[in-house]
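Structure first, commentary second.
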Amino acid sequence: MSQSLSQRYHDYVGELFAREDATLRYVRQQTAVRGLPQISLEPNEAKLLQLLVRLSGAVRVVEVGTLAGYSGICIARALPEQGQLITIEVSSVHAEVARAHFEYAGLANKVKVLQGAGLQVLPSLAKDAPYDLMFIDADKGNYHNYLAWAADNLRVGGAVVADNAFWGGRIFDPKTEDDQAMVAFNRTLADHPQFDSAIIEVGDGIALGVKTS
Ligand SMILES: C[S@@+](CC[C@H](N)C(=O)[O-])C[C@H]1O[C@@H](n2cnc3c(N)ncnc32)[C@H](O)[C@@H]1O
């Protein structure tokens with residue numbers, strides 16, 4: 001597919017199905033204004049994530065990598081009334097901005113922001129397993145550890161979703177440790193005996209695994 005045709009498909013889908021509402025526009029704007037990295041999901045990816053949450057019937061979701069709460073808002077919007085998103089963020093500044101954004105979006109009752117490193121926080125969540133869906137969007141070097149946690153703590157039929165599966169194309173010519181980590185993560189997910197999986201070609205690649213056993 002030519003570059004320009006794939007770009008047209010992307011724009012077509014975005015304009016029809018993934019237009020940001022005022023809240024998401026505000027959150028994206030504030031992410032820049034507050035000086036946070038502008039690496040939230042792009043609208044097409046965020047819409048897909050929202051649909052995956054709905055499709056899986058998820059009630060309890062864990063996210064690693066909150067940033068300013070953009071993806072978290074999309075997840076929480078797809079949860080039922082009694083649903084809950086637990087989102088883990090290592091940066092206290094990001095966690096504070098995200099809390100304000102969940103409040104602004106009217107979703108504070110559904111979202112718990114836990115400040116800390118994913119690997120430190122996740123063990124404390126295991127006692128309340130199983131969860132329905134896990135979204136991974138944080139430090140690349142630990143993606144394999146987050147996947148192992150998902151294998152242990154998701155229900156059968158639950159899903160693990162991870163952003164940056166294409167890692168900006170660096171999976172084809174890995175040089176850094178993070179590049180290698182993404183190559184290894186994709187390979188592990190593809191071969192994982194407990195997940196039926198694929199990468200959805202949207203944005204930077206959304207890896208999806210449904211837990212089968
Ligand atoms: C790509 S951003 C997340 C974007 C967010 N999911 C969205 O789309 O709105 C990655 C976030 O992960 C956080 N992070 C990095 N290492 C982490 C770790 N070990 N544990 C938890 N969060 C981490 C970063 O501080 C950053 O806010």
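No experiment lies behind these values; they were computed from the predicted model shown. Both ligands and their constituent atoms are indexed starting at 1 by order of listing.
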Item checked: Heavy-atom nearest neighbour of atom 10 (C) of ligand 1 within options Leu67, Asn145, Asp137 -> Asp137
Check: Which protein heavy atom lies closest to atom 24 (C) of ligand 1, and at what distance to 0.1 Å?
Finding: Glu89 OE2, 3.4 Å
Next item on the list: Check ligand 1 against Glu63 and write out every atom of the ligand that is under 4.0 Å from a heavy-atom position of the residue.
Entry: 6 (N)
Item checked: Gln7 side chain reached by Asp11 side chain, heavy atoms, under 4.5 Å -> yes
Next item on the list: Give a yes/no verdict on whether any heavy atom in Asn142 is under 4.0 Å from an atom of ligand 1.
Entry: no
Margin query: Given Tyr143, which partner from the list Phe135, Trp167, Phe185, Trp149 fulfils the ring pair (Phe, Tyr, Trp, His ring centres under 6.0 Å) test?
Written below: Phe185
Note to self: I'd like to know if Val62 and Leu79 are part of one continuous hydrophobic network [Ile/Leu/Val/Met/Phe/Trp/Tyr, side-chain heavy atoms within less than 4.5 Å].
What the structure shows: no
Margin query: Is there a path of hydrophobic side-chain contacts, each under 4.5 Å between heavy atoms, that joins Leu67 and Leu41?
Written below: no
Next item on the list: Go through ligand 1 atom by atom and flag the ones less than 4.0 Å from a non-hydrogen atom of Ala117.
Entry: 20 (N)
Checklist line | Heavy-atom side-chain proximity of Gln30 to Val97 below 4.5 angstrom | finding: no
Notebook entry, point to check: Which ligand 1 atoms does Gly118 reach within 4.0 Å, using its non-hydrogen atoms?
Noted result: 18 (C), 19 (N), 20 (N), 21 (C)
Item checked: For Tyr70, atoms of ligand 1 separated by under 4.0 Å from a heavy atom -> 9 (O)
Check: Can you check whether Leu107 reaches Arg77 side chain to side chain, under 4.5 Å on heavy atoms?
Finding: yes
Check: For ligand 1, which atoms, with element, lie under 4.0 Å from some heavy atom of Tyr146?
Finding: 18 (C), 19 (N), 20 (N)
Next item on the list: If you have a sec, work out which protein heavy atom is nearest atom 9 (O) of ligand 1 and how many Å separate them, to one decimal?
Entry: Ser71 N, 3.0 Å
Next item on the list: Considering only non-hydrogen protein atoms, determine which one is nearest to atom 18 (C) of ligand 1 and report residue, atom name and distance to 0.1 Å.
Entry: Asp139 OD1, 3.4 Å
Notebook entry, point to check: What's the shortest distance from atom 22 (N) of ligand 1 to any protein heavy atom, and which residue and atom give it?
Noted result: Val90 N, 3.3 Å
Margin query: I'd like to check Thr66 versus His94 (side-chain heavy atoms, cut-off strictly below 4.5 Å). Are they in contact?
Written below: no
Item checked: atom 12 (O) of ligand 1: nearest protein contact (heavy atom, Å) -> Gly65 CA, 3.4 Å
Margin query: Are the side chains of Tyr70 and His101 in contact, using a 4.5 Å heavy-atom criterion?
Written below: no
Check: Are Leu52 and Val160 co-members of a hydrophobic cluster defined by side-chain heavy atoms under 4.5 Å apart?
Finding: no
Check: Would you say Thr66 contacts ligand 1, with heavy atoms under 4.0 Å as the rule?
Finding: yes
Item checked: Any side-chain heavy-atom pair of Thr87 and Phe102 under 4.5 Å -> yes
Next item on the list: Check ligand 1 against Gly116 and write out every atom of the ligand that is under 4.0 Å from a heavy-atom position of the residue.
Entry: 20 (N), 21 (C)
Note to self: Out of all atoms in ligand 1, which are within 4.0 Å of some heavy atom of Leu41? Include the element for each.
What the structure shows: 7 (C), 8 (O)
